[in-house]
Undergrad: 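This structure is in structure tokens; I'll ask about it shortly.
On a predicted model such as this, the values are computed, not experimentally measured, just so you know. We use all heavy atoms of the structure for the numbers below, so side chains are in, but hydrogens, waters and symmetry mates are not.
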Amino acid sequence: MMKKGIVLFILFGISLLIASCNLDDDQQNFHFATLSGVEANFPDSFELNKTYDIQVTYLRPNGCTFFEGFDVVKTGETDRDIVVIGSVFTDNNTACTQAVEEVVATLKFNVIFTGEYHFRLYTGTDENEDAAYIEYTVPVVTVPTN
């Protein structure tokens with residue numbers, strides 16, 4: 001019975017500590033943003049069950065924006081939408097350069113289907129505020145075995 005009391009006391013203390021943490025949104029000094037893709041360097045063809053390093057060039061709009069990764073959405077069996085994701089620091093104490101620069105990041109892609117893969121790289125929005133993409137098609141080829 002004494003052990004149960006101690007365990008309950010410890011759990012109560014931990015729950016108080018967790019409840020007292022203030023995760024107020026006003027204290028966050030960053031947010032996530034989509035970044036504009038410029039181009040992607042796909043091979044002429046894929047081989048089934050291989051992993052490829054795809055070089056993706058994107059625009060880094062300022063010195064307070066940093067690459068976080070890719071959001072790859074499967075829109076069909078072999079259709080993928082690719083969006084570059086960055087984090088933007090909003091801390092007023094940080095001095096950010098305003099220079100736009102092209103940066104290259106590597107997307108690892110594993111080929112698991114036959115046929116053709118269709119990719120759309122998000123490039124930003126057009127004059128009507130609609131999403132704009134660059135499209136790529138890469139066939140999956142069968143390599144003869146000897």
Side-chain angles (χ1 to χ4, degrees), residues 6-145:
I6 291 173
V7 170
L8 286 174
F9 180 74
I10 290 172
L11 290 174
F12 179 72
I14 291 172
S15 66
L16 279 177
L17 285 172
I18 292 172
S20 67
C21 291
N22 184 2
L23 298 177
D24 190 10
D25 286 345
D26 293 338
Q27 294 180 350
Q28 290 182 352
N29 66 345
F30 74 96
H31 65 273
F32 293 108
T34 56
L35 303 178
S36 296
V38 174
E39 68 178 347
N41 187 11
F42 286 96
D44 292 334
S45 62
F46 288 142
E47 290 181 36
L48 188 62
N49 297 318
K50 287 204 171 187
T51 300
Y52 292 85
D53 289 341
I54 310 301
Q55 301 298 310
V56 178
T57 303
Y58 67 93
L59 294 179
R60 181 178 179 212
N62 58 48
C64 285
T65 302
F66 298 93
F67 175 77
E68 288 297 328
F70 296 98
D71 183 17
V72 180
V73 177
K74 182 178 177 180
T75 59
E77 184 174 76
T78 59
D79 300 333
R80 305 290 186 273
D81 285 352
I82 303 168
V83 179
V84 182
I85 303 296
S87 57
V88 181
F89 286 93
T90 57
D91 189 357
N92 292 336
N93 297 329
T94 306
C96 300
T97 62
Q98 295 303 311
V100 176
E101 65 178 321
E102 287 189 1
V103 181
V104 177
T106 302
L107 168 67
K108 291 204 173 286
F109 186 75
N110 187 25
V111 178
I112 59 173
F113 296 106
T114 58
E116 285 184 335
Y117 276 87
H118 304 277
F119 298 93
R120 296 189 326 156
L121 174 64
Y122 176 79
T123 59
T125 55
D126 63 16
E127 61 278 352
N128 296 323
E129 297 299 316
D130 294 325
Y133 298 90
I134 300 173
E135 297 188 24
Y136 301 90
T137 298
V138 183
V140 178
V141 297
T142 305
V143 178
T145 57

Undergrad: With sequence neighbours excluded, give me every side chain to side chain donor-acceptor pair (under 3.5 Å) pair touching residues 33-44.
TA: none
Undergrad: For residues 51-62, which side-chain donor-acceptor pairs fall under 3.5 Å, sequence neighbours excluded?
TA:
unit_1	atom_1	unit_2	atom_2	d
Thr51	OG1	Asn110	OD1	3.4
Tyr52	OH	Glu47	N	2.7
Asp53	OD1	Lys108	NZ	2.6
Gln55	OE1	Thr106	OG1	3.4
Gln55	NE2	Thr106	OG1	3.1
Arg60	NE	Asn62	O	3.3
Arg60	NE	Thr65	O	2.6
Arg60	NH1	Glu101	OE2	2.9
Arg60	NH2	Gly63	O	3.2
Arg60	NH2	Thr65	O	3.4
Asn62	OD1	Cys64	N	2.9
Asn62	OD1	Thr65	N	3.1
Asn62	OD1	Thr65	OG1	2.9

Undergrad: Given side chain to side chain contact (heavy atoms under 4.5 Å, CB included), test Val72 with Leu107 step by step and report yes or no.
TA: CA-CA 10 Å; Val72 180; Leu107 168 67; 3.9 Å; yes
Undergrad: Compare all side-chain heavy atoms of Val84 with those of Phe70 and state whether any distance is below 4.5 angstrom.
TA: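 A side-chain contact exists here, since the closest heavy-atom pair is under 4.5 Å.
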Undergrad: Check whether any side-chain heavy atom of Val111 sits under 4.5 Å from a side-chain heavy atom of Lys50, and report yes or no.
TA: no
Undergrad: Considering non-hydrogen atoms only, spot the tightest contact between Thr75 and Arg80 and give its length.
TA: OG1-N, 4.1 Å
Undergrad: Of all residues at least two apart in sequence or in a different chain, which pass the side chain to side chain donor-acceptor pair (under 3.5 Å) check with Glu77?
TA: none
Undergrad: Going by side chain to side chain donor-acceptor pair (under 3.5 Å), name the pairs with one or both residues in residues 114-125, residues two or more places apart or in two chains.
TA: Asp81-Arg120, His118-Thr137
Undergrad: Output all residues satisfying ring pair (Phe, Tyr, Trp, His ring centres under 6.0 Å) with Phe66, sequence neighbours left out; order by chain, then residue number.
TA: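 Phe66 satisfies ring pair (Phe, Tyr, Trp, His ring centres under 6.0 Å) with Phe89 only.
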Undergrad: Please find the pair of heavy atoms, one from Ser87 and one from Glu68, that lie closest to each other, and give the distance.
TA: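 Residues Ser87 and Glu68, closest heavy atoms: OG-OE2, 2.8 Å.
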Undergrad: Under the ring pair (Phe, Tyr, Trp, His ring centres under 6.0 Å) rule, collect the residues that match up with Phe42, sequence neighbours excluded.
TA: Phe119, Tyr136
Undergrad: Check Val88 against Ala33 and note the closest heavy-atom contact, atom names and distance.
TA: CG2-CB, 3.9 Å
Undergrad: Does Asn128 offer a backbone N or O that forms a donor-acceptor pair with the side chain of Asp126 under 3.5 Å?
TA: yes
